[in-house]
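What follows is a short report on a single structure.
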Amino acid sequence: MPAHYPFSAVLGCDPEHPDGLGDMGLALILTTVSPEIGGVLVRGEKGTAKSTAVRALAAVLPPIDVVAGDRFSTDPHDQGSASPDGPFPADAPVETRPVRLVELPIGATEDRVLGSLHLERALTHGKVEYDPGLLARAHRGVLYVDEVNLLHDHLVDLLLDAAAMGRATVERDGVSVEYAARFVLIGTMNPEEGELRPQLLDRFGLTAEIAAPRDPRRRAEVVRRRIAYDADPGAFAERYRAADAALTERIAAARRRVGEVGLGEPALLKIAEVCAAFEVDGLRADIVTARAAVAHAAWEGRDAVTRADIRRAALLTLPHRRRRKPFDAPGLDEDLLDRLLGDAEPPPPPTEGPEAPDDPGPQGAPEGPGTPAPEEAPPPHGEAPAPERGTAPGDDAPRAPAAPTDADADADADVDPRAVPAATPYRPRLLTVRGLGDGAAGRRSRALAGVGTRIGARPADGAPGSLHLVETLRAAAAARPARGPAGGRVPLRAEDLRHAVREGREANLVMFCVDASGSMAARRRMTQVKTAVLSLLLDAYRRRDKVGLVTFRGRTAELALPPTRSVEIAALRLDELPAGGRTPLAEGLLQAARTLRRERLRDPRLRPLLVVVTDGRATGGPDAVARSRLAAEHVAALGVTSVVIDGETGPLRLGLAADLARRLGAEHLPVAEVSADVLAGSVRDRTGGPSGLRGAA
């Protein structure tokens with residue numbers, strides 16, 4: 001039975017198919033033709049064969065030669081390569097093996113990725129020896145991270161740095177090792193489960209966006225192939241064996257040709273013009289686009305980069321680099337790209353020798369009829385840029401009439417959610433969960449973590465963790481008298497092993513319970529509330545939290561967004577939040593409590609933070625006030641850390657939200673004080689200035 005589904009059988013990965021290569025198949029092939037491109041990030045909805053295609057890729061890559069017995073896959077034909085297992089003699093035996101596909105689990109530790117001290121050798125022989133990790137195993141192969149958006153940031157940084165430098169360095173536990181780590185990094189993710197930070201997105205060379213086909217015939221073909229594979233994997237793989245073999249040979253030929261493809265000055269200037277017009281940050285986009293265009297030309301069998309190569313490369317290298325803000329969706333205006341490229345091909349690079357012209361001509365591609373002058377180039381999206389939220393008066397953004405002051409009574413009519421947008425988000429103050437947790441690594445609340453400040457040690461007990469060398473030796477020394485003489489040495493046993501206990505930060509579940517009733521619908525109040533919640537959502541995005549959203553208005557409460565790591569969806573729900581009607585505060589609190597109980601059963605380590613956004617009024621149904629008090633006491637009994645953001649503004653205030661906070665055992669925070677700048681200003685006012693010293697009398 002074959003290990004994986006054949007690569008050529010994945011729809012969109014067979015170059016001989018009438019539809020040709022799709023974005024995912026092309027991106028995977030280009031990065032194997034030229035690994036310097038920097039890897040591929042495949043983004044798409046669930047059930048779109050992302051993992052299937054990646055796992056099948058290794059089977060179509062040309063085999064490699066390695067030094068027999070070398071744990072670091074050293075290339076015997078590369079005189080400049082060195083292995084920590086070496087040096088090897090010139091006549092060292094060589095073996096040919098398939099390319100490895102190494103999968104990195106999202107729960108892996110840094111020791112497992114980089115490698116660490118070989119404990120068995122240390123305990124049995126007293127020797128300090130390095131045990132290679134996943135990066136060493138992936139050298140000259142493929143390193144695959146499924147759900148890379150759920151991988152902790154410091155591990156993603158480590159992987160991307162190793163991929164960019166081509167080397168990994170280990171300095172820990174008495175081990176000092178440096179080794180080659182050149183691999184093709186491939187990550188897959190479902191955007192519904194949360195996005196990667198823009199800084200990390202930029203480090204992936206190519207990105208492919210995929211979705212399930214909408215054509216019924218194509219969908220039927222996918223189902224037909226999958227059923228045939230499950231029924232008889234061997235026969236199915238045999239049908240595509242020739243196609244996979246042809247693909248392997250074509251990849252090998254492209255690798256041999258890629259160093260000979262010419263990238264002329266006009267083509268290079270055209271790449272720079274395209275990247276500048278799309279306003280990408282830095283110069284990594286220019287470099288990666290040039291490498292991808294060269295790889296595409298080699299894949300197509302050309303000797304020089306053409307307009308078609310630049311276009312295909314730009315569609316894979318630029319969309320994810322155009323995210324200006326965390327909630328921006330990646331994308332590219334193909335019409336603008338075509339106008340920038342024009343119709344004329346860039347001239348080929350001048351050839352060396354006596355036939356080369358003395359004057360290669362102007363250093364730029366000839367202007368075609370569709371090529372705009374630089375000063376006349378349209379904006380990146382082909383239209384006037386949209387104004388920022390909360391821009392100053394005098395811009396071109398349409399504005400609603402001046403808002404009245406807060407409404408003190410509930411409004412029966414719904415308010416158009418788009419009529420009251422949020423202003424520009426700000427940096428909110430840090431809201432944390434009480435106590436010390438042990439949840440997944442993040443950036444919000446204090447927790448016992450694998451990364452952070454070392455605060456103690458614990459017995460290993462076979463559990464994963466980083467070795468605390470000093471405490472291990474101390475435990476062995478304390479037990480030495482009972483073990484008898486050992487020839488002047490401290491005998492080490494398995495029960496002596498100690499792992500470091502570290503305090504770091506964890507991610508939390510931030511559960512928003514938002515009052516969308518008529519009393520919150522006054523324009524100024526709703527703007528403040530939406531801006532505060534949007535700022536907290538942006539903060540949750542940066543701190544790698546899960547978020548959920550409960551809204552209540554009229555007579556009921558609704559779970560508008562079940563807990564998810566996709567903060568972008570929560571921001572969209574907030575933007576579309578309708579307002580109006582009465583205030584069923586009790587229903588909102590009870591709906592939030594039910595959601596928190598369910599999440600606690602699913603993941604007991606994920607500690608919640610409940611953020612209730614309301615003015616404290618309760619007008620939904622009979623005995624609304626009494627029921628809201630009982631609901632608050634019910635939520636308080638769950639022991640959940642809570643914050644009440646008071647949406648009440650204006651000179652006349654009833655203080656109902658403050659009373660709700662007391663019943664919940666929650667922090668009371670007026671909406672105007674959510675900003676961290678307001679908190680800092682308050683501290684400066686109380687201390688007499690930034691230094692905290694008042695002037696001398």
Side-chain angles (χ1 to χ4, degrees), residues 3-4 31-39 54-104 108 110-122 124-125 127-145 158-186 244-245 247-249 251-259:
H4 299 298
T31 198
T32 57
V33 169
S34 178
E36 294 81 7
I37 288 174
V54 174
R55 292 190 175 101
L57 175 66
V60 300
L61 297 181
I64 60 174
D65 292 336
V66 298
V67 177
D70 179 31
R71 297 177 298 170
F72 297 85
S73 301
T74 304
D75 186 354
H77 309 299
D78 184 1
Q79 300 298 325
S81 62
S83 167
D85 285 351
F88 299 104
D91 58 347
V94 176
E95 63 180 13
T96 301
R97 64 163 175 81
V99 170
R100 288 174 180 160
L101 175 72
V102 178
E103 295 195 39
L104 172 63
E110 189 171 338
D111 290 348
R112 184 72 184 104
V113 176
L114 283 175
S116 62
L117 179 68
H118 197 301
L119 292 180
E120 182 180 355
R121 300 288 175 84
T124 57
H125 303 289
K127 294 182 179 180
V128 176
E129 185 173 327
Y130 172 69
D131 187 18
L134 296 177
L135 292 188
R137 181 172 175 78
H139 178 49
R140 302 178 65 201
V142 178
L143 183 64
Y144 172 44
V145 187
L158 186 153
L159 292 180
L160 295 177
D161 287 342
M165 301 298 296
R167 303 196 67 79
T169 303
V170 181
E171 298 283 352
R172 58 174 16 164
D173 299 331
V175 175
S176 179
V177 176
E178 183 177 4
Y179 57 90
R182 292 187 295 273
F183 50 84
V184 175
L185 177 62
I186 301 177
D244 275 3
L247 189 57
T248 300
E249 179 56 36
I251 291 174
R255 287 179 174 180
R256 293 190 296 268
R257 189 182 300 113
V258 71

Among residues at least two apart in sequence or on other chains, which ones pass ring-ring contact (aromatic ring centres under 6.0 Å, His included) with Phe72?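 In terms of ring-ring contact (aromatic ring centres under 6.0 Å, His included), with neighbours along the sequence ignored, Phe72 is linked to Tyr179.
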For residues 92-100, which side-chain donor-acceptor pairs fall under 3.5 Å, sequence neighbours excluded?
{"from": "Thr96", "atom 1": "OG1", "to": "Asp65", "atom 2": "OD1", "distance (Å)": "2.5"}
{"from": "Arg97", "atom 1": "NH2", "to": "Ser73", "atom 2": "OG", "distance (Å)": "2.6"}
{"from": "Arg100", "atom 1": "NH1", "to": "Arg137", "atom 2": "O", "distance (Å)": "3.4"}

Considering non-hydrogen atoms only, spot the tightest contact between Phe183 and Ala138 and give its length. CB-O, 3.3 Å
Please identify each residue that fulfils side-chain contact (heavy atoms from CB on, under 4.5 Å) with Glu178, with sequence neighbours left out.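 Testing Glu178 for side-chain contact (heavy atoms from CB on, under 4.5 Å), a comparison that skips the adjacent residues, returns Arg167, Thr169.
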Suppose we screen for side-chain contact (heavy atoms from CB on, under 4.5 Å). Which residues come up paired with Ala253, at least two apart in sequence or across chains?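 Residues passing side-chain contact (heavy atoms from CB on, under 4.5 Å) with Ala253: Arg256, Arg257.
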Which of these, Val102, Leu101, Val184, sits in a side chain to side chain contact (heavy atoms under 4.5 Å, CB included) with Leu143?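 Of the listed options, the one satisfying the test is Val102.
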Residues two or more places apart in sequence or in another chain: which of them pass side-chain hydrogen bond (donor to acceptor under 3.5 Å, both in side chains) with [X]?
| X | result |
| --- | --- |
| Thr74 | Asp70 |
| Arg55 | Glu103 |
| Asp75 | none |

Any heavy-atom pair between the side chains of Thr248 and Leu61 that's under 4.5 Å?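 No, too far: nothing below the 4.5 Å cut-off.
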Can you tell if the side chain of Arg182 reaches within under 4.5 Å of the side chain of Pro35, non-hydrogen atoms only? no
Considering residues at least two apart in sequence or located in another chain, which fulfil the salt bridge (Lys or Arg N to Asp or Glu O under 4.0 Å) criterion with Glu36?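 Testing Glu36 for salt bridge (Lys or Arg N to Asp or Glu O under 4.0 Å), a comparison that skips the adjacent residues, returns none.
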Sidechain-backbone polar pair: Asp85 side chain, Arg71 backbone, donor-acceptor under 3.5 Å: yes
